[in-house]
Amino acid sequence: MVLILPIIALAIVGTGLWNFFESRDAFYHHTYDHIQLVLNETISNELTRRNLLLKRADMDKVKSFVNAYKKEAIASINERMRSKNGTYVIFDKGTNHPLTYPSMFDPQNFTLLREEILQKKGDDHIPVKGDLRIEKMQYFYVADDFAPWDWVVVYLIEGTPVQRAIVAGFWRTTLGIFLFVCVGILSMFWILKKFLIQRVLHLKQGATLIGEGDLTYRFDIKNPKDELDDLAMAFNRMADAVELRETRHKEMNAQLLKKNEELEQFTYIASHDLQEPLRKLSAFSGLLKADVGENLNSRAEKDLEYIIDASQRMQTLIQDLLCLSRAGRITYASEDINLNELIQEIKTSFKDEIEQSGTDFKTVDFPTVCADPVLLKQVFQNLIQNALKFNDKKTPVIEITCEKKNDQTIFGVRDNGIGIKPEYTAQIFIPFKRLHGRYEYPGTGIGLSICKKIVEQHEGEIWVESKFNEYTHFKFTLNAKENKKNER
Amino acid sequence: MKIYTCRIKLIKIIGIILAACFLFSSLSAKEDKIKKNIVVIVTMPVPVCESNLKWFLAELDHLGYKDGETMNLTVIRANGDRTFAENELGKIIKIRKPDAVATIATLASQAAMNVLKDTGIPIFFSSVSDPVGAGLIKKVGEPTGTNISGRVFTVPKAVRLDLARRLARQTVPEDRPIRLGYIFSSYSSSVGEYRRLQTIARENTDIQLESYRLEYKKVPEGIASMLADVKSGIQEISGKVDFWWEPQGPLGELPEYTKLLLEDSKIPILVGQKFESVKMGALLHISPDAREGGREMAKFVDAILKGADPGQIPVTPSSVFQVGINLTTALKLGVVVPSDIIELAGEHIYK
């Protein structure tokens with residue numbers, strides 16, 4: 001756009017100048033043609049005709065007739081001159097005597113004109129043309145011979161009207177070109193707007209709608225006429241494909257959800273139903289030990305101990321599995337929780353472990369959060385339990401953190417424990433994933449999976465920041481919208 | 001079966017006979033319809049009348065009228081005898097009614113008008129210089145409403161006077177009028193022209209008219225007598241005139257008249273009545289173009305034969321003129337003939 005305006009301006013100026021020179025030449029040409037035409041007409045009508053008549057009547061040698069016809073011709077030329085816009089000069093080439101010239105031509109001017117014409121003509125009998133300045137006036141002239149009478153006839157036209165006509169023609173044409181260019185540009189814009197921009201905008205609107213999810217939107221094109229129609233058709237095809245994929249995706253999602261539900265149902269039922277025989281196994285193995293405990297040899301007693309231990313571990317495992325299953329199935333209750341109190345409760349529940357290990361338990365002032373109290377308690381419990389468990393320092397430190405970042409409250413549990421190697425941070429939330437041996441650090445390896453599930457149920461995220469042998473900091477967020485409301 | 005075949009043959013024969021009769025009758029009717037009866041009456045065998053007749057017949061031929069084929073042409077040469085012309089026309093009417101009558105010059109036109117007055121037979125006249133004076137029509141420039149129409153054989157007086165004056169004034173001093181001598185007969189066209197010249201003289205102070213009137217006598221037998229009268233006229237008015245002006249009509253058409261004026265008076269003729277006058281020494285001649293007049297008359301006759309009403313054709317003056325000039329006379333008089341007159345004269349420049 002920045003370049004277009006100077007180009008148009010240059011084009012107009014260039015065309016104007018070109019037109020000026022063209023029209024100037026055309027006007028000069030036209031003027032000389034006009035003068036020549038008048039001259040020819042005059043010579044033909046007034047001089048040649050009379051001379052021919054004289055010859056035909058055989059009177060061209062009779063002086064009285066010739067002189068009378070010359071006078072007649074001059075009188076007739078003067079008569080003709082009245083209706084013309086130019087002036088005449090006639091002089092006898094032999095005597096250089098002027099036969100007639102207009103009043104504004106004084107003898108000096110006449111001599112000037114005559115000398116110029118005779119110099120240009122030389123001995124040739126051809127018309128000569130030129131322009132002459134007489135008393136600040138410019139005259140265009142054409143001079144021609146009338147050989148039979150040895151006359152030179154000059155017809156002159158004042159230059160000022162010609163110059164004026166040239167300038168007027170220049171402005172007229174330049175203005176015409178300017179208007180033409182303006183009209184052309186406006187028309188071009190109008191055409192662009194009507195036939196291109198509007199259609200492109202229409203395409204954009206359609207693409208936006210499709211992008212926003214209205215996959216039913218289609219451009220109404222039946223017979224494509226140009227590239228834009230082809231583009232619209234391509235959009236339609238793209239929308240068809242996206243709609244088809246979306247439908248398939250939804251179907252697959254539904255299937256996946258159904259399978260998940262079935263799986264959870266199965267897990268729940270399986271773990272629930274497994275508990276009953278396991279309880280019996282545990283109970284009866286306990287009874288068996290009590291009944292025959294003293295009579296058993298050491299080997300049998302050890303075997304019985306294995307059975308009791310295995311059944312108890314199995315029980316813990318099933319309970320954790322049930323817990324994980326419930327975490328996925330329970331519809332959580334959303335209510336305001338005083339987190340300070342909740343942390344205090346949890347701290348109390350871990351009182352013995354904290355005291356025995358000499359852990360420095362630090363908390364901050366927490367805001368009220370909106371969440372399921374039971375589930376949230378479970379999250380903090382699991383994380384604090386892990387912090388207590390995976391710590392080999394003389395003075396373990398556990399910090400319950402709360403920080404604000406980008407309008408979001410991030411809760412966390414930080415310890416100065418054994419830390420996690422970076423390559424394992426992605427695996428720790430997988431159910432039953434253990435990074436250590438069962439005898440090194442007891443547990444089922446399902447606690448963090450439960451935490452993840454609960455946080456996700458609260459539409460939040462959970463992640464870990466850790467440095468091996470230095471610290472581990474679990475962080476999580478809860479439903480941002482709900483908690484934002486609370487903050488207000 | 002045999003009877004049936006015979007009947008068919010009979011019907012066919014009758015049909016052929018009827019068709020032949022119809023064809024024959026229609027051809028005859030067509031022939032009758034095409035063949036026109038045209039009568040031409042010529043006043044006298046003078047150049048203007050002869051030229052008029054010649055071009056009239058040529059144009060008729062050009063228009064498709066062939067004597068004996070598509071028309072029956074009868075030419076009555078009156079030789080200046082009106083009674084003869086009337087009698088001849090009367091005889092023709094009794095034998096075959098003409099479809100159109102063309103008349104050349106005044107006498108012939110008067111004769112035709114007299115004979116065909118109440119017949120409704122169309123008359124078209126030519127070479128008549130004063131049709132009102134001759135009693136043919138009531139007014140020039142309007143349709144007659146009768147069976148007669150024609151073209152006036154005259155040059156507008158202003159044109160004739162302007163040409164004559166431009167030449168004459170070169171020899172006559174500005175301080176006195178140009179004196180024109182006019183010796184004429186009592187023939188109607190001559191009288192008509194005399195009246196027009198009188199009007200000109202009255203309206204233009206630089207023109208003076210000296211006239212001498214003699215009685216018109218039938219030509220050719222009356223020519224000698226009329227020329228004798230002309231001699232008397234020359235003697236009477238030659239001392240009062242600068243130029244002669246030849247009269248229209250039979251007298252002016254005579255070469256002897258021109259010769260008499262030139263030889264007996266030694267006064268130049270300014271306006272001759274005919275080209276022959278210019279050839280003999282008259283300075284100027286101007287008249288309607290007889291050739292064009294003849295052609296024009298043929299075209300009007302054709303239109304009348306095709307149904308045009310002569311009563312609706314306005315009688316107007318001729319529009320084409322011819323000019324003759326004698327340069328020897330001009331040089332002798334010291335007159336320079338202006339270029340426009342030379343141009344008008346065209347081929348009629350004489351020395």
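Throughout, protein chains are lettered first and strands after them, A, B, ... in sequence-line order, and every chain is numbered starting at 1.
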Check: Out of B:Ser238, B:Ser277, B:Ser265, which residue meets the side-chain hydrogen bond (donor to acceptor under 3.5 Å, both in side chains) rule with B:Trp244?
Finding: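 The residue from B:Ser238, B:Ser277, B:Ser265 that satisfies side-chain hydrogen bond (donor to acceptor under 3.5 Å, both in side chains) with B:Trp244 turns out to be B:Ser265.
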Test your reading of the model: is there a side-chain donor-acceptor pair from [X] to the backbone of [Y], 3.5 Å cut-off?
{"X": "B:Asn204", "Y": "B:Asp206", "result": "no"}
{"X": "B:Glu210", "Y": "B:Lys240", "result": "no"}
{"X": "B:Asp130", "Y": "B:Ser189", "result": "no"}

So for [X], is it side chain, backbone, both, or neither that comes closer than 4.5 Å to the heavy atoms of chain A?
{"X": "B:Ile349", "answer": "side chain"}
{"X": "B:Val337", "answer": "both"}
{"X": "B:Ile325", "answer": "neither"}

Tell me which donor-acceptor pairs, judged by distance alone and kept under 3.5 Å, run between chain B and chain A, one pair per line.
from, atom 1, to, atom 2, distance (Å)
B:Val337, O, A:Tyr69, OH, 2.6
B:Ser339, N, A:Tyr69, OH, 3.3
B:Ser339, N, A:Glu72, OE2, 3.4
B:Ser339, OG, A:Glu72, OE1, 2.5
B:Glu343, OE1, A:Arg49, NH1, 2.4
B:Lys351, NZ, A:Ala57, O, 2.9

May I ask you to test the [X]-[Y] pair for a side-chain heavy-atom distance under 4.5 Å?
{"X": "B:Thr316", "Y": "B:Arg151", "answer": "yes"}
{"X": "B:Leu333", "Y": "B:Pro268", "answer": "yes"}
{"X": "A:Phe146", "Y": "A:Ile90", "answer": "no"}
{"X": "B:Phe321", "Y": "B:Leu344", "answer": "no"}

Check: Relative to chain A, which of B:Ala330, B:Ala345, B:Pro338 shows the most heavy atom pairs under 4.5 Å?
Finding: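 Sorted descending by pairs with chain A, the first entry is B:Pro338.
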